[in-house]
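Since the model is a prediction, treat every value here as computed from it, not as a measurement. Lettering of chains follows the sequences in order, A, B, ..., and the numbering in each one begins at 1.
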2 protein chains.
Amino acid sequence: MRDHTTTADPDQQQAGIPLFPSPDHAHHRCRNAALQHAARVCKSHGLRLTRLRRQTLEMIWKSHRPVKAYALLAQLSVQRKLAPPSLYRALHFLEQQGLIHRLRSTRSFIGCSHPATTPHSGQFLICIRCDTVAELPGLPITPGTQRTATSLGFAIDRATVEFLGQCQTCRTLAP
Amino acid sequence: MRDHTTTADPDQQQAGIPLFPSPDHAHHRCRNAALQHAARVCKSHGLRLTRLRRQTLEMIWKSHRPVKAYALLAQLSVQRKLAPPSLYRALHFLEQQGLIHRLRSTRSFIGCSHPATTPHSGQFLICIRCDTVAELPGLPITPGTQRTATSLGFAIDRATVEFLGQCQTCRTLAP
DNA sequence: TGGCTGATTGTTACAATATACCATAAGTGG
DNA sequence: CCACTTATGGTATATTGTAACAATCAGCCA
Ligand SMILES: [Zn+2]
Ligand SMILES: [Zn+2]
Ligand SMILES: [Zn+2]
Ligand SMILES: [Zn+2]
C-alpha cells in the first residue's frame with residue numbers, strides 16, 4: 001500500500017470541503033475539532049465520553065486513514081493493556097453516536113468527516129491502492145432508493161455505501 | 001432469525017420483477033436459469049464452470065437467502081471434503097463473473113438476481129430480522145456519485161451498497 | 001459519608017471469517 | 001507424449017469479532 005495523500009487541488013473540493021485532505025494541512029485542528037464535537041455530542045445526549053472511548057477516538061483521528069481494529073488494539077495497548085471486547089465496545093459506541101464510521105469493504109474504522117449533520121451512515125470513496133478515503137457529503141439513501149424501499153414496505157435503518165477504486169494520485173503514478 | 005418470505009403483493013413489484021420473491025414461486029426455475037446463465041457466461045468468456053464452481057453456485061441458489069461461507073462449506077462437505085481455501089476461490093470466481101454477490105454487511109453470499117445485465121455490483125435491501133434480501137434493479141453508482149468521483153479524479157471500480165432495515169412482514173409481525 | 005444501582009470495563013475463552021503457501025491434479029495445445 | 005497453464009487439495013495460520021461473567025466505576029440518594 002502506498003502512503004500519500006492528494007495535493008490540495010481546488011478541483012478536488014466541493015462546497016469548500018476538501019474530500020481528500022492535503023498532506024500538509026493543520027491536522028491537529030481536525031483532531032481537536034473531532035474531540036470537542038464528541039464531547040458536545042455525548043454531553044447533550046447524557047452519555048459519557050470515558051477515557052477508553054476518548055483515547056480510542058483520539059487514536060482513530062491520528063490520521064484521515066482508516067484503521068483496523070487490531071492495529072488500534074496494539075496502539076492502545078502500549079498505554080494500557082486492552083482486550084478485544086473492550087475496544088470493540090468503544091468502537092460500537094463511537095459508531096452509534098456517529099463519531100466514527102465502519103468501512104465494511106475493508107474491515108476498518110475511520111473518523112466521521114461530516115460530524116455537523118446528525119448521526120448518519122456515510123458514503124465513501126476508498127482507494128484500493130493507497131487506502132485513502134473520502135467521505136462524500138450528503139446522505140447515502142437517495143430519494144429513489146427511499147421510494148423503492150417505501151413501496152416495498154421496507155424501513156431502512158442504516159446504509160453501507162462504499163465505492164472502491166483508484167484515487168487520482170495512484171492513477172497518475174501507475175495507470 | 002425468523003424464516004419467511006413476503007407474499008406476492010403486486011405493490012411489492014417493480015417493472016414486473018418481484019424483489020422479494022414469494023415463498024410459493026417455482027424456485028427450481030430460478031435455480032435452473034441461474035445455472036444456465038452461468039454456463040453461458042463462462043463459455044462466452046472462455047472460462048471453466050468446473051464441478052466445484054457449479055456445485056457452489058447450485059448450493060447458493062438453494063434459496064434466495066444469503067448464505068454464510070462456512071455454512072456453504074459444511075453443506076458442500078457432505079458430498080466432498082472441502083477446505084476453506086477451495087470454497088473461497090470458487091466464491092471469488094463466481095463473484096468476479098457477476099454470478100453471485102458478496103454482502104459485506106452480513107458477511108454472506110447470495111445469487112445475483114439480475115444476471116441479464118453485465119457483471120455489476122448490486123444494491124440490496126437486507127432485513128435484519130428475517131435475513132431476507134432484495135436486490136434492487138439498476139446500478140448502484142448514481143450519476144451524481146459518478147460526477148463527484150470524476151471531479152476528484154477517482155475511478156470507481158466497484159461498489160458496496162447495502163441498506164439494512166426491516167422488511168414489511170417483520171414490521172407487521174412485531175412493529 | 002456510605003451504600004445502592006446501572007453503566008462501563010476487565011478477563012478468559014472461543015467463534016467466525018479469511019488467506020498464505022505449497023503440493024497435486026486436471027485441462028490445453030504442441 | 002510433454003510442457004504449460006489453470007484449478008484444486010490440504011495444512012496451517014492469520015485476522016476479525018463475540019459470549020459470558022467478574023470486577024470496577026460513576027452518579028445518586030438516605
Ligand atoms: Zn486532518
Ligand atoms: Zn460521517
Ligand atoms: Zn426462486
Ligand atoms: Zn446482481
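The separation between B/Leu76 atom CG and D/dG9 atom C1' is 15 Å, rounded to whole Å. When the C1' atom of D/dT6 is taken as reference, atom CD of B/Gln96 falls 15 Å away, rounded to whole Å. The interatomic distance linking A/Leu47 (CG) with C/dG6 (P) rounds to 17 Å, in whole Å. Between the CD atom of A/Gln55 and the C1' atom of C/dT8 there is a distance of 15 Å, given to the nearest Å. Note: CZ (B/Arg53) to C1' (D/dG9) measures 14 Å, nearest angstrom. Atom CG of A/Leu82 is separated from atom P of C/dT8 by 16 Å (rounded to the nearest Å). Atom-to-atom, CG of A/Leu91 to C1' of C/dT9 comes out at 14 Å; the value is rounded to the nearest Å. At whole-Å resolution of the value, CG in A/Leu87 and P in D/dT15 are 16 Å apart.
Listed by first then second residue, pairs satisfying ring-ring contact (aromatic ring centres under 6.0 Å, His included) with a partner in residues 116-154 of chain A read A/His101-A/His120, A/His101-A/Phe124, not counting sequence neighbours. Annotation: ring-ring contact (aromatic ring centres under 6.0 Å, His included) contacts involving residues 46-65 of chain B, sequence neighbours excluded, comprise B/His25-B/His64, B/His27-B/His64, B/Trp61-B/His64.
Remark: B/Phe163 engages no residue in a ring-ring contact (aromatic ring centres under 6.0 Å, His included) (not counting sequence neighbours). With sequence neighbours left out, the side-chain hydrogen bond (donor to acceptor under 3.5 Å, both in side chains) criterion links A/Thr50 to no other residue. For B/Ser63, the side-chain contact (heavy atoms from CB on, under 4.5 Å) partners two or more places apart in sequence, or in a different chain, are B/Arg65. In this structure A/Thr160 satisfies the side-chain hydrogen bond (donor to acceptor under 3.5 Å, both in side chains) test together with B/Ser105, sequence neighbours excluded. Residues that satisfy the salt bridge (charged side-chain N to carboxylate O under 4.0 Å, His left out) test with A/Arg54, not counting sequence neighbours, are A/Glu58.
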Please tabulate, one pair per line, each protein N/O and nucleotide N/O from nucleotides 16-18 of chain D that are separated by under 3.5 Å, including the distance.
| unit_1 | atom_1 | unit_2 | atom_2 | d |
| --- | --- | --- | --- | --- |
| D/dT16 | OP1 | A/Lys68 | NZ | 2.9 |
| D/dG17 | OP1 | A/Arg102 | NH2 | 2.9 |
| D/dG17 | OP2 | A/Tyr88 | OH | 2.8 |
| D/dG17 | O5' | A/Tyr88 | OH | 3.4 |
| D/dG17 | N7 | A/Tyr70 | OH | 2.6 |
| D/dG17 | O6 | A/Tyr70 | OH | 3.4 |
| D/dT18 | OP2 | A/His92 | NE2 | 3.3 |

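Summary for the helix from C/dT1-D/dA30 to C/dG30-D/dC1: the axes at its two ends, each from 5 pairs, differ by 20° when rounded to the nearest 10 degrees.
Of the two residues contacting DNA chain D, namely B/Lys81 and B/Arg51, the nearest-nucleotide position lying further toward the 5' end is that of B/Arg51.
B/Thr148 and B/Thr145 share no side-chain donor-acceptor pair at under 3.5 Å. No hydrogens or angles considered: a donor-acceptor pair under 3.5 Å links the side chains of B/Gln146 and B/Thr150.
In the hydrophobic clustering, A/Leu139 connects to no other residue, as no ILVMFWY side-chain heavy atoms lie under 4.5 Å from its own.
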Sugar-phosphate atoms are those with a prime plus P, OP1 and OP2; base atoms are the rest. Using that split, label each nucleotide of nucleotides 22-30 of chain C B, S or - for protein heavy atoms under 4.0 Å, 5' to 3'.
-----S---
Which atom pairs, donor and acceptor, lie under 3.5 Å between side-chain atoms of residues 79-95 of chain B and protein residues at least two apart or in another chain?
| unit_1 | atom_1 | unit_2 | atom_2 | d |
| --- | --- | --- | --- | --- |
| B/Arg80 | NE | B/Gln55 | OE1 | 3.1 |
| B/Ser86 | OG | B/Arg89 | NH2 | 3.4 |

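The phosphate of C/dG10 has OP1 or OP2 within less than 4.0 Å of a side-chain N or O from A/Ser86.
If you check every strand for non-hydrogen atoms under 4.0 Å, B/Thr50 touches sugar and phosphate atoms only.
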